[in-house]
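All remarks here apply to the structure that follows.
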Amino acid sequence: MFKIFDNTNNMNKIKNFKMKNKFIKKNNPNKILFSSKAWITLLAIMILFTFSCSQIGILNKGEISKTDESISGTQKTEETSLSNEENQYSEDSTAELQKEIIVLKISGSVPDFIAAILKHKARELFGEVVVREEEVLPVTDSEGGKDSIKEVEINIDISRNDENLNNFIIICAVNNFFSAKDNIEFKEIEDFFKSSYNTDKNDEESKEADSNQDIGKPTKSKLYISNNIGSIFKKFYGDIENENIAFEDYSDIRKEISLNSEAIALIPFDELQKDLKVLNINSESIFSKDFSYSDYPLAFSVIFNCENEDYASKLKEDFEKDFYSNMDQSKLASVNMTGVTALVRGVANRMDIKGILYPAEKIAEILKDADITHISNEISFKENCNAGQSGTVFCSKPEYIELLRFVGTDVVELTGNHLNDYGYEYLEKTISMYDEEGWKYFGGGMNLGLSKHPSLFDINGNKIAFLGFNQFGPSYDWATKTQAGSAPPDNPFYISEIKRLKDEGYNVIFTFQYEEAYQYSPLAYQIDDFRIMRDAGADIVSGSQAHHPMGLELSREGLICYGLGNLFFDQMQSLGTRQGFIAKHIFYDNKHISTQIIPTLIEDYCQPRLMEDDEREDFLNIIYNKSIMQES
């Protein structure tokens with residue numbers, strides 16, 4: 001390794017040497033020789049210096065090259081990392097540009113109460129949700145514009161009778177409770193929408209065309225549609241031109257219905273109240289146990305559509321989890337209340353000849369079509385009974401209980417005034433037979449205390465209590481502390497008991513075995529006595545004594561049926577004693593919301609059947625004419 005010289009010192013030495021040499025030239029004779037040697041020495045030094053620097057440069061260049069490679073590698077790593085970060089940033093930026101926002105597009109045909117549920121559900125599921133009504137401008141982002149947002153649009157609309165859906169909006173056709181009309185064909189409803197009847201028309205040709213349409217009553221009566229479902233009918237029937245169709249708030253509809261017996265209204269099921277009669281459609285009742293959502297002509301469903309099926313599916317499932325229907329059958333309960341059952345005399349004779357089930361063959365399915373079927377059996381069973389004998393001292397054969405099984409009995413009323421005709425021992429045996437069947441009973445019992453006990457039910461969350469007593473007597477029929485019998489009258493006790501049951505959340509049905517009157521109008525003092533129990537809080541008061549049907553009374557406080565007439569009895573002597581009705585009471589979400597009157601007519605001394613259309617209309621007109629109508 002050569003020694004490295006400091007160039008600065010060398011240059012100074014050379015300069016000094018030149019100055020010295022210049023001095024010698026001027027003053028020394030041997031200056032030429034000395035100068036040559038100096039130059040040779042200087043040249044050697046310079047050659048050595050140049051070689052040394054060259055070697056050092058090579059070495060340094062190698063080190064620098066290695067350093068450059070190291071720096072270059074580090075730089076490339078950093079560049080790769082930076083490139084990855086840039087790519088990631090680019091992807092994030094793309095994702096940001098492709099941010100999804102849920103847009104809920106709700107058709108104008110969707111009722112407001114459904115739309116409110118959907119908005120709530122969508123926000124619970126997806127967070128930020130834009131609700132877009134029809135014909136609303138697209139949503140844009142204030143910073144990036146609409147291109148920075150990917151809209152996922154879920155379209156919500158109304159469909160009719162879609163078997164693939166699991167949600168149903170049920171609409172009822174209703175009219176005045178005291179109207180004789182209790183059925184409407186769906187064609188009658190559609191005819192309202194198809195008619196273009198207008199009272200201001202001057203076009204004689206159009207008037208003639210309308211008059212030629214087979215639309216009958218619709219142009220003479222009025223169809224009211226609740227505002228909150230009006231959009232549904234506008235969707236399926238377009239612009240409504242018939243002036244006999246009016247869209248009104250529910251409160252106004254109730255007022256109009258109460259004043260116009262010809263008026264009909266379409267309202268959501270959940271708006272039903274007991275002062276409105278729910279019409280059967282095509283002779284089918286929405287309160288039937290066989291009711292089918294998909295077959296009902298006024299059933300509608302909410303449909304969900306989206307390009308991304310997952311979003312639509314999630315919203316649909318969450319919506320249907322909480323909203324199955326505004327008529328949820330899991331919240332519904334029905335009670336069939338009936339009139340007099342006395343399996344004696346003519347009834348017993350026909351049963352012995354034509355079979356035990358013969359009296360109920362035409363009515364059994366109607367009676368069974370309820371959650372609770374009530375039977376007021378006024379007669380005790382007795383071995384070796386001559387049930388077919390004439391007179392007014394009664395007993396029934398034990399095998400006749402098969403008829404009560406056949407009609408689906410759930411609860412037996414024991415207020416009858418013939419229960420102890422042969423002695424209380426037979427009533428005790430009869431009650432034991434009911435116990436074996438698993439049937440409940442009320443209005444009588446094994447002793448006085450038990451005779452006052454209510455019969456309690458809880459059907460789909462509807463708490464229903466039955467209470468009753470025998471107002472009429474005779475005294476030997478009443479229970480005592482030690483003997484079975486019907487419950488005797490005791491107004492203070494029952495008023496208190498009704499209030500207790502109401503406090504516990506029960507709907508109370510109270511029944512009377514009252515004085516018999518063969519007329520359609522209730523007795524004046526009967527009205528007073530029945531109202532006492534209604535005013536105490538009973539939701540329904542029913543007269544079980546009547547061999548002749550009587551009028552009704554409907555008020556805010558409750559419904560009174562003063563007499564239901566005969567169910568199974570042999571009184572064929574007059575039209576009035578052959579007539580009767582089943583009162584089908586409907587409870588929903590633990591509230592009495594409706595009652596259907598189902599008229600019957602006895603044939604062959606024992607066998608009730610449903611009345612024909614003209615018979616039913618005549619009967620209902622008479623009954624309602626003898627009813628007490630109060631503002632509900």
When you check the side-chain N and O atoms of [X] and [Y], is any donor under 3.5 Å from an acceptor?
{"X": "N590", "Y": "N462", "answer": "no"}
{"X": "N228", "Y": "S226", "answer": "yes"}
{"X": "E190", "Y": "Y237", "answer": "yes"}
{"X": "N308", "Y": "E100", "answer": "no"}

Taking the side chain as every heavy atom from C-beta outward, state whether [X] and [Y] have any pair of such atoms under 4.5 Å apart.
{"X": "K235", "Y": "I158", "answer": "yes"}
{"X": "D252", "Y": "Y250", "answer": "no"}
{"X": "N227", "Y": "F247", "answer": "yes"}
{"X": "K331", "Y": "N460", "answer": "no"}
{"X": "L552", "Y": "I623", "answer": "yes"}
{"X": "I509", "Y": "M337", "answer": "yes"}

Working for salt bridge (charged side-chain N to carboxylate O under 4.0 Å, His left out), residues R616 and E612: CA-CA 6 Å; R616 182 176 64 246; E612 300 294 339; over 6 Å; no
Measuring from atom [atom1] of [X] to atom [atom2] of [Y], what distance do you get when rounded to the nearest 0.5 angstrom?
{"X": "Q545", "Y": "Y562", "atom1": "CD", "atom2": "OH", "result": "11.5 Å"}
{"X": "R609", "Y": "E603", "atom1": "CZ", "atom2": "CD", "result": "4.5 Å"}
{"X": "K440", "Y": "I372", "atom1": "NZ", "atom2": "CD1", "result": "8.0 Å"}
{"X": "H585", "Y": "N336", "atom1": "NE2", "atom2": "CG", "result": "9.0 Å"}
{"X": "E553", "Y": "I628", "atom1": "CD", "atom2": "CD1", "result": "4.0 Å"}

L279 vs V174, side-chain contact (heavy atoms from CB on, under 4.5 Å): CA-CA, chis, key distance, verdict: CA-CA 5 Å; L279 294 170; V174 300; 5.9 Å; no
Show me the donor-acceptor pairs within less than 3.5 Å that the side chains of residues 295-306 make with the rest of the protein, sequence neighbours left out.
| unit_1 | atom_1 | unit_2 | atom_2 | d |
| --- | --- | --- | --- | --- |
| D295 | OD2 | S292 | OG | 3.3 |
| Y296 | OH | I171 | O | 2.7 |
| S301 | OG | N167 | O | 2.7 |

Between [X] and [Y], is there a donor-acceptor pair closer than 3.5 Å when you use the side chain of the first and the backbone of the second?
{"X": "N175", "Y": "I264", "answer": "no"}
{"X": "Q607", "Y": "Y358", "answer": "yes"}
{"X": "K234", "Y": "G108", "answer": "no"}
{"X": "D249", "Y": "S251", "answer": "no"}
{"X": "S288", "Y": "S285", "answer": "no"}
{"X": "K222", "Y": "E243", "answer": "yes"}
{"X": "N566", "Y": "F568", "answer": "no"}
{"X": "N260", "Y": "E256", "answer": "no"}
{"X": "R578", "Y": "I602", "answer": "yes"}
{"X": "S107", "Y": "D157", "answer": "no"}

Under the rule for salt bridge (charged side-chain N to carboxylate O under 4.0 Å, His left out), what residues qualify as partners of R405, not counting sequence neighbours?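 Here the qualifying residues are E402, E437.
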Residues two or more places apart in sequence or in another chain: which of them pass salt bridge (charged side-chain N to carboxylate O under 4.0 Å, His left out) with E361?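 Result, salt bridge (charged side-chain N to carboxylate O under 4.0 Å, His left out) vs E361: none returned.
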Considering all heavy atoms, the nearest E185-N282 contact: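 Where E185 meets N282 most closely, the heavy atoms are OE1-OD1, 2.9 Å.
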Shortest non-hydrogen contact from A122 toward V129: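 Of all heavy-atom pairs spanning A122 and V129, the closest is O-CG2, 3.6 Å.
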Check side-chain hydrogen bond (donor to acceptor under 3.5 Å, both in side chains) between N326 and all other residues, then give those that pass, not counting sequence neighbours.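 N326: side-chain hydrogen bond (donor to acceptor under 3.5 Å, both in side chains) contacts with D270.
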I'd like to know if [X] and [Y] make a salt bridge, using a cut-off of under 4.0 Å between side-chain N and carboxylate O.
{"X": "E151", "Y": "K105", "result": "no"}
{"X": "R132", "Y": "E153", "result": "yes"}
{"X": "K499", "Y": "D503", "result": "no"}
{"X": "D275", "Y": "R556", "result": "no"}
{"X": "K591", "Y": "D539", "result": "no"}

Do other residues, nucleotides or ligands put more than 12 heavy atoms under 6.0 Å from [X] [atom1]?
{"X": "E307", "atom1": "CD", "value": "no"}
{"X": "K502", "atom1": "NZ", "value": "yes"}
{"X": "D112", "atom1": "CG", "value": "no"}

So K584 and D369, side-chain contact (heavy atoms from CB on, under 4.5 Å) or not? Walk me through it. CA-CA 10 Å; K584 187 169 188 175; D369 188 32; 3.3 Å; yes
Looking at [options], which one forms a side chain to side chain contact (heavy atoms under 4.5 Å, CB included) with [X]?
{"X": "V278", "options": "I267, L272, D182", "value": "L272"}
{"X": "L456", "options": "V411, L501, I464", "value": "L501"}
{"X": "L266", "options": "F192, F233, Y224", "value": "F233"}

Validation row, ring centre [X] to ring centre [Y] under 6.0 Å:
{"X": "F442", "Y": "H453", "answer": "no"}
{"X": "F466", "Y": "F457", "answer": "yes"}
{"X": "F587", "Y": "F287", "answer": "no"}
{"X": "F126", "Y": "Y311", "answer": "yes"}

Can you check side-chain contact (heavy atoms from CB on, under 4.5 Å) on T409 and V407, steps first, answer last? CA-CA 6 Å; T409 301; V407 299; 3.6 Å; yes
Filter on salt bridge (Lys or Arg N to Asp or Glu O under 4.0 Å), then keep only pairs touching residues 311-321, sequence neighbours left out; what's left?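 Every pair satisfying salt bridge (Lys or Arg N to Asp or Glu O under 4.0 Å) with a residue in residues 311-321: K121-D318, K316-E320, D318-K321.
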Which ring-ring contact (aromatic ring centres under 6.0 Å, His included) pairs, counting each pair once, include a residue from residues 255-283, with sequence neighbours left out?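 ring-ring contact (aromatic ring centres under 6.0 Å, His included) check on residues 255-283 returns F269-Y588.
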Name the orientation class of the two ring planes belonging to Y441 and Y434 (parallel below 30°, tilted from 30 to 60°, perpendicular beyond 60°).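 It falls in the tilted class, 30° to 60°.
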Which label fits F530 and F512: parallel for a plane angle under 30°, tilted from 30 to 60°, or perpendicular past 60°?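 F530 vs F512 ring planes: parallel.
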Only one of N377, T511, T341 passes side-chain hydrogen bond (donor to acceptor under 3.5 Å, both in side chains) with E413; say which it is.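 Output: one option passes, namely T511.
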